[in-house]
**Q** 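The following block contains the structure, expressed as structure tokens.
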Amino acid sequence: MISFTVDQDASTLWFHPHPEGETASQVYKGLAGLMYIDDENSDSLNLPDNYGKDDIPLIVQDKSFDSDNQIDYETDFYSDGTQGDTLLVNGTINPYIEVNSRWMRYRIISGSNSRNFTFSLKDNQPFYQIASDGGLLNSSTKLTSLTLSPGERAEILVDTNDYKNGDTLKLLANNTVALTMKINKNKSNTTFEPSKKLNSIKDIDTENLDKLDRQKIDLKGMSHMVSINNKQFDADRIDLYKRVNTQEVWEVNNISGMMGGMIHPFHIHGVQFQIISRNGQLPQANERGWKDTVLVNPEETVELLVEFDHEGVFMYHCHILEHEEYGMMGQMEIK
Ligand SMILES: [Cu+2]
């Protein structure tokens, strides 16, 4: 029995086992689950929240199946990130949903071992992102595409008002149909307006950032040569010591080197952070909310404002699970 106190904002979360050397195979084989947190703020917003009706989880993963329709991780294994040839949503191939409400809320979990997904609606219809990994954005962001790397989450609202009964609307992931929405009737279900205030996340106090300590995180290498700050994971070593209730600027560098570059989704346990900048530029509006996983492009530097709220020993790692297994992970003690 494990008991714990829920001490975070309304958000869409997932959980999975994390045993050293077996995380990647266990998640690929399906050992992962979904968790929602609600709070007073989220309850007050009149967002679509009828589970399975107008509030739908979409756990998006790729897997391959052998001739007996079984998952064979060892055969599919690839050292820079195992990928499958079949798109699964909530464990289903090519699902559809009957839509009976004008506004549909989708809680997307990018849950592959290594594949990034770019989501869009057929014909480039816009949609509204309302939440990132750690909870609601201050207001919605209108998008026509959204890329999530492994471990990232997003909540989006789709307005079906312009569709007639019998129409279909398709959500695509990397241009493959992930979900077909069959419009049955799209009656009004919320007072949501795109400009509605959803949260009150404080702006980053950019004037005072240079007073904070800085932590460099160098993500390097590929395959079994991956490292963080030139070290590979050692369960008997604490890499970073941090003081509880302090803030730091983390400078996350994706250093390609001679082996060529790839995206690393950088994930920190036990904290939520804000993105200060990408290569010196302000992040897009949909990346200005709370995050615990951030896509870092090859040769990119991403600055994070990290606050250490909880005592304990926490991991930080690349969320390409095969990179994590090869040691692209460290331990941080907060006390
Ligand atoms: Cu990686």
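Both ligands and their constituent atoms are indexed starting at 1 by order of listing. Computed from heavy atoms alone, side chains included, the values below leave out hydrogens, waters and symmetry copies. Along the sequence shown, residues are numbered consecutively beginning with 1.
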**Q** Salt bridge check: are R102 and D54 linked by an N-O gap of less than 4.0 Å?
**A**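 Not counted as a salt bridge, because no side-chain N and carboxylate O are separated by less than 4.0 Å.
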**Q** So what's near the Cu ion (ligand 1), protein N, O or S atoms under 2.8 Å?
**A**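 Checking every protein N, O and S atom gives H264 ND1, C318 SG, H323 ND1.
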**Q** When you measure from the centre of the six-membered ring of F273, is the NZ or CZ of K291 closer than 6.0 Å and no more than 45° off the axis?
**A** no
**Q** So, are R107 and D55 salt-bridged, with charged N and O less than 4.0 Å apart?
**A** yes
**Q** Do NZ/NE/NH1/NH2 and the carboxylate oxygens of E251 and R214 come within less than 4.0 Å?
**A** yes
**Q** Taking only residues two or more places apart in sequence or in another chain, which ones pass ring-ring contact (aromatic ring centres under 6.0 Å, His included) with H18?
**A**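 ring-ring contact (aromatic ring centres under 6.0 Å, His included) check on H18 returns H16, H269, H317.
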**Q** Identify whether the distance between the nearest side-chain nitrogen and carboxylate oxygen of E155 and R105 falls below 4.0 Å.
**A** yes
